[in-house]
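For the numbers below, each heavy atom of this structure counts, side chains included, while hydrogens, waters and symmetry mates do not. Throughout, a chain's letter reflects where its sequence line sits, starting with A, and its residues are numbered from 1.
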2 protein chains.
Amino acid sequence: MSMSLAVRDSRFTAVQAGLAQAPWPTDSFPDKAGVVAGASLHFTPDQEVYAEGDEATAFYKVVSGVVRTCKFLSDGRRQIDAFYGEGEVFGFETGREHRLSAEAVSDCVVVPYRRRGFDTLAGRDDRVAGQLFSYVMRCLERSQDHSLLLGRRSASQKLAAFLLEMAARRPGGAVIELAMTRQDIADYLGLTIETVSRTLSQFERDGLITLSSARRVGLTDLRGLRELNA
Amino acid sequence: MSMSLAVRDSRFTAVQAGLAQAPWPTDSFPDKAGVVAGASLHFTPDQEVYAEGDEATAFYKVVSGVVRTCKFLSDGRRQIDAFYGEGEVFGFETGREHRLSAEAVSDCVVVPYRRRGFDTLAGRDDRVAGQLFSYVMRCLERSQDHSLLLGRRSASQKLAAFLLEMAARRPGGAVIELAMTRQDIADYLGLTIETVSRTLSQFERDGLITLSSARRVGLTDLRGLRELNA
DNA sequence: CGGTTTCTTGAACGAGGTCAAGTTGTGTGG
DNA sequence: CCACACAACTTGACCTCGTTCAAGAAACCG
């Protein structure tokens, strides 16, 4: 027990640092009730955290950088389900296997939490159950919003929503630094890389944004971007 | 630490009971452990169970019939998030309000389970936490699948997936009775009613399905339908 | 530097949307 | 039982938005 306390404490410090501006609770999971934190892991861009079909032995919290979860279609195309930034948690499964792949978008550090079954976990500690529940609900809300976005919106509506989503997560003001490529954005929004590029260029011509470089986007007219999705 | 956060976030773990048999038990929630089952409610087609923005005082289990959850866009169009059939649970929220509307597709009966305040952790049934968790995870998985479907698939792939999804839920064999209109299907798949109709007609011409009436679909060639999504 | 990857832009094409007309099905009242 | 009205569905013709194909510009890096 003293062993696990030591592990927990060192990990807590590491995680805490990366959680300073997370939009949700910043405490980590206690080292009990079916969750055991492993050492933090580092991944380089495009490196795989786990693949679709891998045994789901853990879920993960992002300490720094950005991770994407995605699925590959038989024709080689890719659909990105979600991006996870600092402080966010991904990789929950009820089944034995991961249903999606997870890959690093940028250089990033994640902490794995080995599971011993959610039933054990939920039954043993209120705080863990509540935390985990809240993370899953967050995922659910985002997934539902994503479905709505993909269903009935034009390319420019999708891109406006994407930019506003990214801006909301990094409350750094009106300039956002995109961690992902145009291809990532396209695969997230169900568009092609060309349409993403063209639409962003059009936004700049319309005075909605400023592209100081391909990845650095200034949101010049937040109101205008919001109005696109009415 | 953040006990209060955990308590706040675990409202729903406190608000459930008696879902003994995963994944979709048909027994009702016992009236204990923070859940109060109301009298079952009847709704006629297109009637509203709750609207987007309504206070989320309860979640619901479908006893019979089919319910849809959806969102309306400013231009009057509609995106359907999910269909819920017998034994399925919908309407969880972590926030104060419902983020989507819920409406009856067919004549249906649902049972509401009222949420209590934040102070009901006492008297909680541990065994039950995993059950609610499993319902929410089920919603999450379906929402993720829905996103993948909407993102990068053609009209015929969407419709093939839709038919197979409906068939999987009503294990009645190779003939399914659709509860929903073409408009519902279109709004679920992000297509127009005309494209849905045209595509189904084409499926019939190709010998994939048999349309004995508009709502009654025989899945003649399951293999062929599956191959559409490779 | 030169090679590679990422991003942008243009031109032509096509899947699905839009508009419009016609058909089927269903409930109602005579 | 039929006639009518109305909603749901189907089908056709045309058009648009986003894709595809192709080429070039810009950023990145050994």
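Computed from coordinates, the Arg216(B) CZ to dC9(D) P distance equals 15 Å when rounded to whole Å. Atom pair Arg182(A):CZ and dC28(D):C1' shows a separation of 15 Å (rounding to whole Å applied). At whole-Å resolution of the value, CG in Leu178(B) and P in dA8(D) are 15 Å apart. Between the P atom of dC9(D) and the CD atom of Glu204(B) lies a distance of 15 Å, rounded to the nearest Å. Protein atom CG of Asp184(B) is 14 Å distant from nucleotide atom C1' of dA7(D), rounded to whole Å. We find that CG of Leu211(B) is positioned 11 Å from C1' of dT10(D), with the value rounded to whole Å.
Residues meeting the salt bridge (Lys or Arg N to Asp or Glu O under 4.0 Å) test with Asp206(A), sequence neighbours left out: none. A search for side-chain contact (heavy atoms from CB on, under 4.5 Å) contacts involving Ser143(A) returns Leu140(B), Ser143(B), Gln144(B), Ser147(B), not counting sequence neighbours. Partners of Arg153(A) under the salt bridge (Lys or Arg N to Asp or Glu O under 4.0 Å) rule, at least two apart in sequence or in another chain, do not exist in this structure. Residues forming a side-chain contact (heavy atoms from CB on, under 4.5 Å) with Leu211(B) (at least two apart in sequence, or on another chain): Arg182(B), Leu200(B), Glu204(B), Ile209(B), Val217(B). With sequence neighbours excluded, no residue forms a side-chain contact (heavy atoms from CB on, under 4.5 Å) with Glu97(A). By the side-chain contact (heavy atoms from CB on, under 4.5 Å) test, Glu55(B) is found to be paired with Thr57(B), Arg96(B), residues two or more places apart in sequence or in another chain being considered. Scored by the salt bridge (Lys or Arg N to Asp or Glu O under 4.0 Å) test, Asp81(A) finds no partners at all (sequence neighbours excluded). The salt bridge (Lys or Arg N to Asp or Glu O under 4.0 Å) check on Arg77(A) picks up Asp75(A), with sequence neighbours excluded.
For the salt bridge (charged side-chain N to carboxylate O under 4.0 Å, His left out) condition, the pairs that include at least one residue of residues 38-47 of chain B, sequence neighbours left out, are Asp46(B)-Arg68(B).
Counting any heavy atom pair closer than 4.0 Å across all strands shown, Ser201(A) reaches sugar-phosphate atoms only and no base atom. Residue-level contact check: Ser197(B) touches the bases, meaning some heavy atom is under 4.0 Å from a base atom.
A 4.0 Å heavy-atom criterion places the boundary nucleotides of DNA chain C facing chain A at dC7(C) to dA11(C), written 5' to 3'.
To the nearest 0.5 Å, atom NE2 of residue His146(B) and atom CD of residue Glu165(B) are 7.5 Å apart.
The overall bend of the helix from dC1(C)-dG30(D) to dG30(C)-dC1(D), read as the angle between its terminal helix axes built from five base pairs each, is 40° when rounded to 10 degrees.
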Protein-nucleic acid N or O pairs under 3.5 Å, nucleotides 16-19 of chain D:
residue : atom : partner   : partner atom : Å
dG18(D) : OP1  : Ala155(A) : N            : 2.6
dT19(D) : OP2  : Thr192(A) : N            : 3.3
dT19(D) : OP2  : Thr192(A) : OG1          : 3.1
dT19(D) : OP2  : Thr195(A) : OG1          : 2.3

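Classification of the Tyr188(A)-Phe83(A) ring pair by plane angle, with boundaries at 30° and 60°, yields tilted.
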